[in-house]
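Letters A, B, ... are given to chains in the order of the sequence lines, protein chains preceding strands, and every chain is numbered from 1. Note that the structure is predicted; figures quoted are calculated from it, not measured.
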2 protein chains.
Amino acid sequence: MSRRPTLKDIARETGVHVSTVSRALDPQKRSSLTEEIVVKIRQAADRLGYRPNRIAFSLRKQKSMTVGVMIPDITNMIFPPIVRGIESVMEPLGYASIIVNTDGDSDRERRLTETLQERGVDGIIHTAVLRSDPNIVEAARQGLPVVTLNRKVEEAEIPYVINDEEAGIRMIFDHLHDHGHRRIAHLAGPRDLSTGLLRREAFCSVARDYGLSADALVIEEASRFEEEEGRRCAKEILSRSPETTAILCANDRLALGAMDYCARNGHPCPDKISITGFNDMPFLDLIPPGLTTVRIEQFDAGATAARLLVQMIDGCDGKVPRETVLPVSLKCRNSVLRIETDH
Amino acid sequence: MSRRPTLKDIARETGVHVSTVSRALDPQKRSSLTEEIVVKIRQAADRLGYRPNRIAFSLRKQKSMTVGVMIPDITNMIFPPIVRGIESVMEPLGYASIIVNTDGDSDRERRLTETLQERGVDGIIHTAVLRSDPNIVEAARQGLPVVTLNRKVEEAEIPYVINDEEAGIRMIFDHLHDHGHRRIAHLAGPRDLSTGLLRREAFCSVARDYGLSADALVIEEASRFEEEEGRRCAKEILSRSPETTAILCANDRLALGAMDYCARNGHPCPDKISITGFNDMPFLDLIPPGLTTVRIEQFDAGATAARLLVQMIDGCDGKVPRETVLPVSLKCRNSVLRIETDH
DNA sequence: CTGAAAGCGCTAACAC
DNA sequence: GTGTTAGCGCTTTCAG
């Protein structure tokens with residue numbers, strides 16, 4: 001229970017000044033010291049079980065070696081891999097991460113942003129879903145390094161890393177089209193989340209490329225990315241447009257909900273209707289019939305964002321690209337059936 | 001980009017001494033100041049956008065208002081709810097959590113424990129799976145508040161929170177027995193993880209209570225809590241003891257693997273064989289035929305551990321119970337079939 | 001009731 | 001090469 005030893009203790013022990021001890025223990029400056037004294041100091045440090053006090057370090061250097069990671073909700077299975085990706089680059093560099101869950105609550109988000117700043121984080125990775133949040137913009141404007149993940153902030157020059165939502169939607173639309181589907185409805189995500197909006201826009205754009213007129217498009221928007229909303233919207237789509245042969249969903253959870261509704265109401269997937277997702281969350285291969293979806297590299301996304309943030313922290317702002325778009329890929333399972341085309 | 005304001009800035013602004021500002025901003029000591037000056041100071045603080053510097057606070061008070069949370073792997077779906085449970089009590093009290101993933105690597109765990117101590121965490125919640133790890137014991141012995149989750153440490157008087165593994169196994173064994181099963185094999189977890197061992201012991205104990213002799217027991221031990229091992233062990237069990245009618249698995253992932261193997265090899269669950277799990281992880285209800293399992297309240301476990309840790313940090317060590325056992329419950333789905341008993 | 005001064009543990013400019 | 005000194009931003013005696 002005895003107090004942790006400090007530089008002062010080592011200094012007393014070895015009969016040198018604290019600053020000498022400090023230098024001896026710093027690999028950078030060790031060189032400017034006598035070999036002999038360095039050895040003596042290091043031995044004493046080992047003997048006493050010295051561990052540097054990072055709080056004192058932080059106060060002095062104005063650098064906490066800590067970053068904040070804001071995510072909506074860690075229990076949402078797509079976030080843990082992102083967190084590990086971030087950690088995979090941060091931890092070896094000596095950074096710790098403080099992870100906070102915003103629950104999509106912008107008031108909570110504001111408070112948490114303040115807390116992180118009080119704690120002197122060196123930067124923030126903001127895995128946001130909200131399309132606009134002034135708090136983080138303000139923090140960035142004050143000079144705090146920030147990079148956003150999964151979303152771009154229009155108001156400021158904040159570097160962002162996103163997945164190629166457009167390409168993903170195109171892949172999956174192509175896939176459906178290749179399988180003969182012409183009546184493709186979109187189960188869209190909430191408009192106020194960037195992924196929801198982007199995917200919806202991509203859907204419209206691809207549909208247009210295929211020559212489908214905008215007003216012929218069946219789109220039903222979920223208010224949250226949850227199974228229950230998937231069910232509700234699937235019901236809506238089926239009743240509004242019974243001739244629909246495929247539902248392209250904005251994410252996996254919506255797709256799962258839609259699949260459940262369809263199965264319970266005489267439209268089993270894939271026999272009666274084809275359904276696709278987005279994200280490729282874990283365990284999808286265990287859920288029949290196997291959702292065809294767009295695979296996102298969550299771990300890489302986290303690691304990439306972390307690397308950018310470190311660059312910014314190190315002051316290499318100039319070299320940090322404003323936009324980083326990560327590739328996505330198609331993951332085919334069994335939720336899409338090949339059907340006869342009309343001609 | 002201008003530097004964050006400090007107490008000194010407010011002092012200059014208001015023409016009082018920093019210590020007065022410090023007092024004015026501390027709700028505890030505000031009372032000993034003139035109402036007038038307090039108001040003036042608070043206004044100045046607001047105007048300047050003052051935010052206390054927690055690093056300086058920490059250094060002075062020798063209290064970081066930070067706790068370490070060690071978990072094996074956040075991508076394992078049972079941990080996020082625990083983390084949120086911890087956060088639900090820590091955050092309102094002003095504590096931040098640094099979450100680290102040990103990956104079950106005891107070397108890594110040692111390094112991380114040191115890192116957390118360097119950062120001056122006020123305590124550690126150790127959601128461990130390893131049955132013995134000297135590092136955390138050593139940290140606790142040095143006076144650092146520690147509580148373990150999901151496991152008890154024999155070597156030291158460290159408070160722990162565990163689930164009632166014994167009761168869980170008993171419930172599920174009873175359930176199988178009630179459904180006519182007499183040939184029940186155990187797909188055990190790794191012996192070096194406390195959950196693995198505890199559940200195995202409980203299984204043996206219950207079997208004994210039912211009058212099954214120990215040497216008649218079919219037990220196959222997985223080397224990791226993973227689907228692949230579930231498959232391997234299921235194969236082993238089926239070939240060693242073809243008359244088995246039920247496999248009681250040490251956790252859900254093993255059960256899922258076992259189910260997969262059985263399905264692919266002419267023993268579909270539940271028709272040919274009944275299978276049960278443990279944990280009730282998310283999305284289980286979407287995976288056919290629906291795994292019957294033991295439900296653990298992960299969020300509560302995290303919250304409980306956090307409350308204990310806070311008590312310890314606050315110096316109420318005396319009042320902290322050494323052992324806290326959380327109740328579990330049976331979650332019935334469709335993986336257990338009723339069969340005819342022999343008599 | 002408020003000011004002065006010390007100090008938490010560390011680093012860094014400046015001496016010698 | 002090493003010691004001296006100052007100070008990061010805050011709290012907390014101790015005076016007055």
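- Listed candidates were D/dC10, D/dG3, C/dG3. Nearest to the side chain of B/Val16 is C/dG3.
- The base of D/dG3 lies close enough to the side chain of A/Arg23 for a donor and an acceptor atom to sit less than 3.5 Å apart.
- Between A/Arg119 and A/Thr66, every side-chain heavy-atom pair lies at or beyond the 4.5 Å cut-off.
- Put simply, CZ on A/Phe57 is 12 Å from C1' on C/dG9, counting in whole angstrom units.
- Using a 4.5 Å heavy-atom cutoff, the side chains of A/Arg23 and A/Ile41 are not in contact.
- Of the two residues contacting DNA chain C, namely A/Asn53 and B/Ser31, the nearest-nucleotide position lying further toward the 5' end is that of B/Ser31.
- Atom CD in A/Glu35 sits roughly 11 Å away from atom P in D/dT2 (whole-Å rounding).
- Note on A/Lys29: every side-chain N or O is 4.0 Å or more away from OP1 and OP2 of D/dG1.
- The side chain of B/Gln62 places no N or O atom within less than 4.0 Å of a non-bridging phosphate oxygen (OP1 or OP2) of C/dG7.
- The separation between B/Asp26 atom CG and D/dT12 atom P is 8 Å, rounded to whole Å.
- A/Gln117 places its CD atom 16 Å from the P atom of D/dG9, with the value rounded to the nearest Å.
- For the pair B/Glu36 CD and C/dT2 P, the computed distance is 9 Å after rounding to whole Å.
- Residue contacts shown for B/Thr6 are limited to sugar-phosphate atoms, with no base heavy atom under 4.0 Å away.
- Remark: P of D/dC8 and NZ of B/Lys8 are 4 Å apart, rounded to the nearest angstrom.
- Here A/Lys63 lies out of heavy-atom contact (under 4.0 Å) with every strand.
- Residue-level contact check: A/Ser19 touches the bases, meaning some heavy atom is under 4.0 Å from a base atom.
- For the OP1/OP2 pair of C/dC10 and a distance below 4.0 Å, the side-chain nitrogens and oxygens of A/Tyr50 include at least one atom meeting the criterion.
- Ion pairing between A/Glu114 and A/Arg111 fails under the 4.0 Å rule for side-chain N and carboxylate O.
- Note on B/Ile37: only backbone sugar-phosphate atoms sit closer than 4.0 angstrom, heavy atoms only; bases stay farther off.
- Residue B/His17 contributes atom NE2, which lies 8 Å from atom P of C/dA5 at whole-angstrom precision.
- Between B/Val67 and B/Ile125 there is no side-chain heavy-atom pair separated by less than 4.5 Å.
- Rounding to whole angstrom units, CE of residue A/Met65 and P of C/dC10 are separated by 16 Å.
- Looking only at side-chain heavy atoms (C-beta outward), A/Val147 and A/Leu149 stay at 4.5 Å or farther from each other.
- The residue among B/Lys61 and B/Thr34 whose nearest nucleotide of DNA chain C is located toward the 5' end is B/Thr34.
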